[in-house]
Peer 1: 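Quick one: structure below, then a few questions.
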Amino acid sequence: MNSTVQKNKTWPVIFGILGVIVMILPFFSGPYIQSIGRTVITYMILAISWDMLIRSGQLSFGLAGFFGLGSYAAVLSAVNLHFNPFISIVFAALVAGLIAFLVGAVVLRLRGMYFAITTLALGEIFRIIIHNWTSLTGGPNGKLLPKLAFDGASIPTYAMMVLFALIIIALSEYFKRSRIHYALTAIRDNEIVAKSSGINIYKYLLIAFTVTAAIQGAAGAGFAQLYGFVTPESSFNANYTLIPLAMTLLGGMYSTWGPVIGAVLLGVLGEFLKLYIPYGHLVVYGIIIILVLLFMPWGIVGMAGRLLKKGESHE
Amino acid sequence: MSELRTENLTISFGGLTATDNVNFNIKSGEIVGIIGPNGAGKTTLINLIAGIYYPTSGKIWLDDKDISQIPAHERSALGIGRTFQLIHPLEGLTVLQNVMTGFLFAQKMGLKQAREEARKLCRTLELTGLDRATGEINILETKKMEIAKALATNPKVMFLDEVMAGLNSTETLEAIDIVKQIAAERNLAVGVVEHVMGVITKLTHSVIVLDTGRIIAAGPYEDVAQNERVKSAYLGGGV
């Protein structure tokens, strides 16, 4: 009867081991490895948030937009309102979520490619506004963060990012296990059938869009804490859309663990490749996406689920 | 006791009037057949009542409430249930989860209660193997799941859009019994779109005949079948 991957006993073991590695990593490594860990976790959070929305069938290219928005909201609130680093991260999530909630009224009428392109354009609009609003944002030069979380100490910042990731994993699992899962899956499969079962499509899409944008904003704010500054080019970089997407495709869509596995594999591989072929790691990402889509469209988690199921039916 | 009534219900798509001044009603306990040649507007009529389309003019009354302008998901909660001519199971959900959706959203139950109610409903329909994916069940099971999904919304009025299509004669007889039994137990008003006249004669109390969006005849099937306009609609040509 184990028809779903979550019910299987293999995954908790794998993630238990992964969790232990994550926990003891700081004690056996220098700041360099920890900074890689923080970067991977940032991408992991973005990947999970992208997956949470694609579960409703809506393909968003707006990650970098909300990520950049969140990083600016955090830095500007710290500079102008003297928010402490942690409150500024929460503030960034609220700003990104609120803006997603407001534009969602218009954007969520669109579907498929129209929705995808509009979310991409939305990110560009955010970037252009911030680029040109020099008096507030510092324009192309960006802004410096006056005070880093834990004064930039490596281990506590790493721990903060691990905690952040655990919260997002829990949130994603809540989405998978609550009525939201039923609504989003029904919307993805067939909107007319979903409506006929009483599902308010707009309401559930708005929830998913707002929550995922808030996560992306918080991720941007967390990243600003790692680097200590924001510029339009770095904060709104297209990589923050494309890399999480590649990670999710590799790990497997429609689950929490797919993006987690994809982020760890591709993130670690990418940091490693960067040393030998700077920027060439993006080419490798591209090749991986093509190979995954051709030969393993369900990603690692989907593939493993299928193999396990096959094994069971042969018993 | 509920009644669904349409009043001069009309919808035009560009120059094509797919539903043209349709007046009909169904009361609790009645099973009404909706028949007519291909393209007559049978499914369009159901889509209008379910709220997939909004009418160009005319009204839809559920008891004393005009529901013609409210969105589909609210109509589902108010008691309009339906199945689909082209079956679209929710493939990302198991059979049980498919049935749960109506309990969860139209009836606004919690997960646990919805799961129990869905199990109970499937048991009465003799639908088993509920943890399977929708791709793994046979045609009769799929039809039962579709009926269960419609019933899960706790309808007062239920439309079955060619629910017997694709079934063999034994399965069809089973399906007819199921529909009759459910309609009686729940005191439902049922609208049945069907091409097989054997099903219409066994199942319905009366029929309406649609042609090019208009009702051209109504009454017990035996009377309607003798109607010259109905014959010409099916056979083509002028009378």
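Quick note on labels: first sequence line is chain A, next is B, and so on, each numbered from 1.
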Peer 1: May I ask you to check whether over 12 heavy atoms, not counting those of A:I192, lie within 6.0 Å of atom CD1?
Peer 2: no

Peer 1: Using heavy-atom distances under 4.5 Å, tell me whether B:E146 contacts chain A through its side chain, its backbone, both, or neither.
Peer 2: neither

Peer 1: Measure the spacing between CZ of B:R82 and OG of A:S197 and express it to the nearest 0.5 Å.
Peer 2: 10.5 Å

Peer 1: Please report the shortest heavy-atom distance between A:D189 and B:E91, naming the atom on each side.
Peer 2: OD2-N, 2.7 Å

Peer 1: First locate atom CD of B:Q97, then atom NE2 of A:H181, and finally report the distance between them rounded to the nearest 0.5 Å.
Peer 2: 5.0 Å

Peer 1: Applying the side chain to side chain contact (heavy atoms under 4.5 Å, CB included) test to A:S196, which of B:T83, B:I52, B:T153, B:T101 qualifies?
Peer 2: B:I52

Peer 1: At a heavy-atom distance under 4.5 Å, which candidate from B:G110, B:G81, B:G92 has the highest pair count against chain A?
Peer 2: B:G92

Peer 1: So for A:R188, is it side chain, backbone, both, or neither that comes closer than 4.5 Å to the heavy atoms of chain B?
Peer 2: side chain

Peer 1: Please identify, among B:M100, B:K108, B:Q107, B:K149, the residue contributing the most non-hydrogen atom pairs under 4.5 Å to chain A.
Peer 2: B:M100

Peer 1: Just give me the residue among B:A152, B:A114, B:G102 that pairs up with chain A most often, heavy atom to heavy atom, under 4.5 Å.
Peer 2: B:G102

Peer 1: Does A:M113 CE have over 12 foreign heavy atoms under 6.0 Å away?
Peer 2: no

Peer 1: Are there over 12 heavy-atom neighbours, none belonging to A:Y174, within less than 6.0 Å of that residue's OH?
Peer 2: no

Peer 1: Are A:N200 and B:F105 close enough that some pair of their side-chain heavy atoms sits under 4.5 Å apart?
Peer 2: no

Peer 1: Return yes when atom CH2 of A:W298 has more than 12 non-hydrogen atoms of other residues, nucleotides or ligands closer than 6.0 Å, and no otherwise.
Peer 2: no

Peer 1: Can you establish whether the number of heavy atoms outside B:E126 located under 6.0 Å from its atom CD is more than 12?
Peer 2: no

Peer 1: Surrounding OH of A:Y202 (heavy atoms of other residues, nucleotides or ligands, distance under 6.0 Å), is the total greater than 12?
Peer 2: yes

Peer 1: Using a 3.5 Å distance criterion without hydrogens, assess whether the side chain of A:N190 forms a donor-acceptor pair with backbone atoms of B:H88.
Peer 2: no

Peer 1: Is atom CZ of A:R111 surrounded by more than 12 heavy atoms (other residues, nucleotides or ligands) closer than 6.0 Å?
Peer 2: yes

Peer 1: Would you give the length of the straight line joining atom CG of B:L90 to atom OH of A:Y182, rounded to the nearest 0.5 angstrom?
Peer 2: 12.0 Å

Peer 1: Within a reach of under 6.0 Å around OH of B:Y54, are more than 12 heavy atoms found that belong to other residues, nucleotides or ligands?
Peer 2: yes

Peer 1: Look only at the side chain of A:R179 and the backbone of B:L104, and say whether a donor-acceptor pair between them is shorter than 3.5 Å.
Peer 2: yes

Peer 1: Quick one: closest heavy-atom pair of A:K195 and B:A72, and the distance?
Peer 2: CD-CB, 3.7 Å

